[in-house]
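Encoded as structure tokens, the structure appears first; notes follow it.
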Amino acid sequence: MNQEKIGKFIAQLRKENCISQEQLAKKLCLTRQAVSKWEQGKTLPDAFNLKKLSEIFSVTINELMLGEHIVKDNTLEVNNSSLAIYEDRNKKVSLIKKMFIVIIMLIFLFLVYYFISSYNSIKVYIISGQKDGIV
């Protein structure tokens, strides 16, 4: 545990939130000197004050004790995004396949209807190479 790093982090958080040492000390019911000692890395806040600091600065106690912001692992988010893209692509491919099948079925039905409706109207002519009466 690096006291100086923790102190610098507390000072950074305080400045980011535009709070003076005096204002922070009042919120924690402490003296300005106590806050100054934390920021200089001479002492550390106790558990109660760590909890209060985490609430004031909207950080976790782990971040305060590490002296830095903890970056969330975005691997899960990336995996979920990739999975969503993959599922979306599969849905599109599936839709295209279904549309293709429907089109093929419609063509088949049209051809069946055409041949059934025109079956009786088909005339067959027999053509032979001889004329009537000529031998």
- Message: Looking at Ser36 and Arg32, would you say the former's side chain and the latter's main chain have a donor-acceptor pair under 3.5 Å?
- Response: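 No, Ser36 side chain to Arg32 backbone: no donor-acceptor pair under 3.5 Å.
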Of all the heavy-atom pairs spanning [X] and [Y], show the shortest one and how long it is.
X     : Y     : answer
Leu50 : Met65 : CD1-SD, 3.4 Å
Ser54 : Leu64 : N-CD1, 3.6 Å
Phe57 : Ile19 : CE2-CD1, 4.2 Å
Glu63 : Ile70 : OE2-N, 2.9 Å
Ile10 : Pro45 : CD1-CG, 4.0 Å

- Task: Give a yes or no on whether Val35 and Phe48 share a hydrophobic cluster (residues Ile, Leu, Val, Met, Phe, Trp, Tyr; joining criterion: side-chain heavy atoms under 4.5 Å apart).
- Result: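 Cluster IDs for Val35 and Phe48 differ.
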- Is Leu111 reachable from Ile103 through a run of hydrophobic residues whose side-chain heavy atoms are each under 4.5 Å from the next?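 Same cluster.
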Find the distance between [atom1] ([X]) and [atom2] ([Y]) and round it off to the nearest 0.5 Å.
X      : Y      : atom1 : atom2 : answer
Leu24  : Trp38  : CG    : CH2   : 6.5 Å
His69  : Gln12  : NE2   : CD    : 5.5 Å
Lys51  : Ile56  : NZ    : CD1   : 11.0 Å
Leu66  : Ile6   : CG    : CD1   : 8.0 Å
Phe110 : Phe115 : CZ    : CZ    : 9.5 Å
Glu55  : Lys27  : CD    : NZ    : 11.5 Å

- Task: From the options Lys15, Arg14, Lys8, select the one residue that forms a side chain to side chain donor-acceptor pair (under 3.5 Å) with Glu39.
- Result: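 So, applying the side chain to side chain donor-acceptor pair (under 3.5 Å) to Glu39 and each of Lys15, Arg14, Lys8, only Arg14 qualifies.
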- Quick one: salt bridge (charged side-chain N to carboxylate O under 4.0 Å, His left out) partners of Glu22, sequence neighbours excluded?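 Residues passing salt bridge (charged side-chain N to carboxylate O under 4.0 Å, His left out) with Glu22: none at all.
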